[in-house]
Amino acid sequence: MKFILSETLTTEEVLKDFNEEKSNLIPMLQILQTKIGYVTREGVYAIAAKLNVPPAEVYGVATFFAQFKFEPSGKYHILICMGTACHVNGAREVLGAVERELGINEGETTEDGLFTIEEVACLGCCSLAPVMMINKEIHAGLTPTKAIKVIKAIRKEEENES
Amino acid sequence: MKVRVGLASCGISAGGQVVYDEFESEISKLVEDKKIELSITGCLGICFAEPIVDVIDDEGKVYRYTKIDKKKTQQIVQKHLIEGQPIDELLINTDPIFAQQVKIVLRNCGFIDPESIEAYEEVDGYKAIRKALDKMTKEEVIEEVKESGLRGRGGAGFSTGMKWMFAANNPNEPRYIICNADEGDPGAFANRAVLEGDPHAVLEGMMLAAYSMGCEKGYIYCRAEYPLAVERLQIAIDQAREKGYLGYNIMGSGFDFDLEIFEGAGAFVCGEETALMQSIEGARGMPRLRPPYPAQKGLFGQPTTINNVETLADIPYIILHGGAKYYEYGIAKSRGTKVFSVAGKVRNGGLVEVPMGMSLRNIICDICDGIKDDKKVKAVQLGGPSGGCLPESLLDTVVDYETLTETGAIVGSGGMIVADETTCMVDLARFFLSFTQQESCGKCTFCRIGTKRMLEILNNICDGKGKVGDIEELERLGTTIKNSSLCALGGTAPNPVLTTIRYFRQEYDAHITEQRCPAKSCKALITYEIIDGCVGCGSCVRVCPSDAIIGTKRKGDVDLWREEHGIFVIIDDKCIRCHMCIASCRYDAIEVS
């Protein structure tokens, strides 16, 4: 099962506050991703129709930026910081440990739809390197072992809930 | 008594929110006559000491507590807040750290509540814009900025006053002001600290810029990876609108100005001004040829000025205290102060704001207290992926735009990553190049394909497959890319490689001719081995994800066990060099060679 933020919201509802100015393109994509969880095909066509541009142009913009995803992400979005400070303090080892713990590679989502791992260029917490961000919460001063502990704690919480 | 808890991203990630919540619940339990004001604040710049709690007594004396957690919070409440006894062993003396710094950009960060406009007003906030609207003409504002000698802090270092003048002289209307808060350089976090710690200063800077150039509308282009910065900026904008600092007829002056946040969607190249404007217009963020410069034809084809966060945060100070005051700091053509984000292997990492002209050694060894674990500085990487690596022998170089450029590095956005002997320079160059290669927008052939070719060569070298002649090929490609790219991304992307070749050529040679990584970092060129210190505790076996460690776990006497079974052994074929065993070994019994 993939985790989807909202199954009830329609694309029209999500995009209703925007007018046809082309400068709305990126904000529209962003709201689509926040509300629906990813950039849907339907959403791209809806944006294209509203802004009166070809869908290819909307895809062109969406694929240019790292923020936009075309598949649903996991419930927990793990951003592993690959900034310079994190790099020299062992971010690669942290990434490796998280990948092995979850059995997926960077850019992938676990079967149960819980976790997605992604690399990010820099989270700006360089003095606390290495760091990762899980759903906007930053975990700092990581070691491979510490990172695995964080993941295990989330898993346990999820199990308790279900 | 006042208590303030540092809650910028760095403070929160070190556990500051928990501390704040604990203070809140503990203080609420106190009897009413103990009046204690609790507030949040931004980043003081001493990120290594987070979470930081300041207790300020009624005379204004500040007691600064470091590395506070829930339990220590309760101690502080009991001992200091209730009994009036500061806890000496939890205090940190920050005077040696701040003594050599001059805080202009960071003047309020870590002191005021960033979510309160009143707090900003109390420290002379919005007085500069009031002064400008009441007593200064637009031309006088620009003159003041010119006089200050302020140069763009985003990296290029162009005179801010000149930039404003060009836009102001363009008769076309409307005009726009954009704050570039797309701090994309890995290793730089000064803008984040300002946005999270003193957002109103950035707004005021933008208002002053807008007034001087006659802009009605402004954008803050902030990267989405800084959610807290976006949140606090929005709070600040709402407050400023409510108080009449933004909107129509500001403070009765007839000046109209409003602004909005545009969240960047995660493209490094959008830090480049023409690419940034493209993305606001709803297109792919690809740079275009300049001229026309943004001051001539910018956003939506109109005159536009783009300034960095740090530049704008300087402006209220300059207007309030005069350009001449700002000019007093700094040397030669680089005036004022600059914030550096110092991180990496340094002991006291964080933000350091110093007058231009200070030496790197001064910043790294004095203010930041040198390298962790008493290791030696090997190199300093300045300016992120556009910058260069300088060796220890150049640490006495002073930071100003011209001097640093001569060495091959740049001031850039102020990222300063310190490396020790365990950092491989070839790998570091590869790291930066893989970043710029991924972030290249693809428009210019040399940047798109050239960086890819360079990266392939660097990958080969790090994998022990380098060939004689690779270094020369890297130099040839690097120079060509620099000369043939439209924007600064391609124009500077080869810098980390070219400077590491210039200063650390012997490391490249060791990788290529001896298949050896002197820093013992490149995975293909190292092996892990368990040495005599092993006591058979088995912790490495437990953490090894590839079952590469064999041996029998000790029960009882160490010597007996050694004799009977021998120490643990790592099977090299199975070892994936994940470093887990070394991290888990408490006896330093695993060696990399």
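Just so it is clear: chains get the letters A, B, ... in the order the sequence lines come, proteins before strands, and each one is counted from 1.
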What is the minimum heavy-atom distance between A:S127 and B:A343, and which atoms define it? N-CB, 4.3 Å
Looking only at heavy atoms, what is the nearest atom pair of B:G187 and A:C122, with distance? N-SG, 3.4 Å
State, yes or no, whether a side-chain contact exists between A:E137 and B:I12 at a heavy-atom distance under 4.5 Å. no
State the CG-CD1 distance between A:N89 and B:I417, to the nearest 0.5 angstrom. 9.0 Å
Could you tell me which non-hydrogen atom of B:E263 sits nearest to which non-hydrogen atom of A:Q30, and how far apart they are? O-NE2, 2.8 Å
Mind listing the closest non-hydrogen atom pair of A:F65 and B:S279 along with its distance? CZ-CB, 3.6 Å
Any side-chain heavy-atom pair of B:E260 and A:P27 under 4.5 Å: no
Main chain of B:P545, side chain of A:R100: is a donor-acceptor contact present, judged purely on distance under 3.5 Å? no
Checking B:S13 side chain against A:A140 main chain: does a donor-acceptor pair fall under 3.5 Å? no
Closest contact, heavy atoms only, A:I26 versus B:F262: CB-CZ, 3.9 Å
Evaluation steps, salt bridge (charged side-chain N to carboxylate O under 4.0 Å, His left out), between A:K136 and B:E225: CA-CA 9 Å; A:K136 297 198 172 179; B:E225 287 89 341; over 6 Å; no
Taking all non-hydrogen atoms of both residues into account, name the closest pair between B:G264 and A:Q67 and its distance. O-OE1, 3.7 Å
